[in-house]
Every structure is written in C-alpha cells, then in structure tokens.
Amino acid sequence: VQLQASGGGLVQTGGSLRLSCAASGFAFGNYIMGWFRQAPGNEREFVAAISWSGASTYSVDSVKDRSYISRDNDKNTVYLQMNRLKPEDTAVYYCARGPAGAWIRSLVPLIAKYDFWGQGTLVTVSS
C-alpha cells in the first residue's frame, strides 16, 4: 500500500489549495479515505473523509464550509480542496486509508480506524 500526497505549499490568507493523494497497492474503490493534519506541537487531527463511492462525506466543523473532499476511483486519487485558507490551517496534511465497506459516520473521524498513511504535504498559510 502506498499513499502519495501532494499539492501543499505556501499561500496567503484567503487563498486556495488543492491537495491530492495518489493511492496504489490496494483496491482503492473499496475503501473510505480520509485527510488529517498536524500542526507543529499539536496532535494529528481529522479534517475530512469520503466513502468508497464518494456519495458520503464528512468534514470537521472548522473547515467544512471552506473545503471539499472528492475522489476519482478511476485514477485512484482522493482530493481535498481548501478555500479561504487561514493561518490556523497551517499544518502537514496526511491522507490515510480508512475502513473498507460501510460508511459509519461516527467512526470516520477516529484516527485508529485508518491503517495506512501517506508521507504528508505541508501547507503554510501566511498572514
């Protein structure tokens, strides 16, 4: 299993970024996929997740009005579009493989439910 995140960078407050995560080595279309982030000195936190089909999504309150998670199962890729970025969004963003099959909303934010992680991509938002 490999997850390769990309798309991070330096952006000004109010700007946008689209993060991508290319997956390989497993049946991508069968799995929930998630995005997490970790700011310096903080624990890793859930950002958003998407069901295997893309029909269901869930985002943390702090980003849900400014972000959009999507996936392309033909390309084995999951995306996170982040808009109106704020300095507090500065973090390393990680994609991760969640459970296969059923979408259980109460479980998708739980870091323990994700078994493989990408290397992370750094997002820095300047004020």
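Values below: every heavy atom of this structure, side chains too, minus hydrogens, waters and symmetry copies.
Phe36 contributes atom CZ, which lies 10.5 Å from atom SG of Cys95 (distance to the nearest 0.5 angstrom). Between atom CZ of residue Arg71 and atom OG of residue Ser51 there is a gap of 7.0 Å, rounded to the nearest 0.5 Å. Distance OG/Ser56 to CD1/Ile69: 11.5 Å, rounded to 0.5 Å. To the nearest 0.5 angstrom, Thr77 atom OG1 is 12.5 Å from Leu19 atom CG. To the nearest 0.5 Å, atoms OG (Ser127) and NZ (Lys86) are separated by 14.0 Å.
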Could you please spell out the steps behind the side-chain contact (heavy atoms from CB on, under 4.5 Å) verdict for Arg97 and Met33?
CA-CA 5 Å; Arg97 189 182 80 169; Met33 296 297 296; 4.1 Å; yes
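One hydrophobic cluster, built from ILVMFWY side chains closer than 4.5 Å, holds both Ile111 and Val63. Grouping the Ile, Leu, Val, Met, Phe, Trp and Tyr side chains by contacts below 4.5 angstrom, directly or via other members, places Val108 with Ile50. Taking hydrophobic clusters as Ile, Leu, Val, Met, Phe, Trp and Tyr residues chained together by side-chain heavy-atom distances below 4.5 Å, Trp103 shares a cluster with Phe26. Both Val11 and Leu122 are assigned to one and the same hydrophobic cluster, defined by single-linkage of ILVMFWY side chains at heavy-atom distances under 4.5 Å.
The aromatic rings of Tyr94 and Trp117 stand perpendicular to each other, their planes meeting at an angle above 60°, with 30° marking the opposite boundary.
Trp35 is listed as a side-chain neighbour of Cys21, based on a closest heavy-atom distance under 4.5 Å. In this structure, the side chains of Thr121 and Tyr93 come closer than 4.5 Å at one or more pairs of heavy atoms. Residues Tyr31 and Val78 are not in side-chain contact: their nearest non-hydrogen atoms beyond the backbone lie 4.5 Å or more apart. Counting heavy atoms from C-beta on, the side chains of Pro109 and Val60 never come closer than 4.5 Å. Looking only at side-chain heavy atoms (C-beta outward), Tyr114 and Ile32 come within less than 4.5 Å of each other.
Residue Glu88 qualifies as enclosed at atom CD: its count of foreign heavy atoms under 6.0 Å is above 12.
Residues meeting the salt bridge (charged side-chain N to carboxylate O under 4.0 Å, His left out) test with Lys64, sequence neighbours left out: Asp61. Legend: residues meeting side-chain contact (heavy atoms from CB on, under 4.5 Å) with Tyr68, ordered by chain and number and at least two apart, are Ser70, Gln81. With sequence neighbours left out, the ring pair (Phe, Tyr, Trp, His ring centres under 6.0 Å) criterion links Phe116 to no other residue. Not a single side chain to side chain donor-acceptor pair (under 3.5 Å) links Asp72 to another residue, sequence neighbours left out.
The heavy-atom pair separating Leu3 from Ala96 by the smallest distance is CD1-CA, 3.8 Å. In this structure, Gly25 and Val1 approach most closely via the heavy-atom pair O-CG2, 4.1 Å. Pairing each heavy atom of Ser67 with each of Leu80, the nearest pair is CB-CD1, 4.3 Å.
Within the 3.5 Å criterion, the main-chain N or O of Gln4 finds no donor-acceptor partner in the side chain of Gln119. Judged by distance alone, the side chain of Thr90 and the main-chain N or O of Val125 form a donor-acceptor pair under 3.5 Å. A donor-acceptor distance shorter than 3.5 angstrom exists from the side chain of Asn73 to the backbone of Trp52, with no hydrogens or angles considered.
The stretch residues 30-44 participates, sequence neighbours left out, in these salt bridge (Lys or Arg N to Asp or Glu O under 4.0 Å) pairs: Arg37-Glu45, Arg37-Asp89.
Members clustered with Leu107: Ile104, Leu110, by chain and number, using a 4.5 Å side-chain heavy-atom cutoff among hydrophobic residues.
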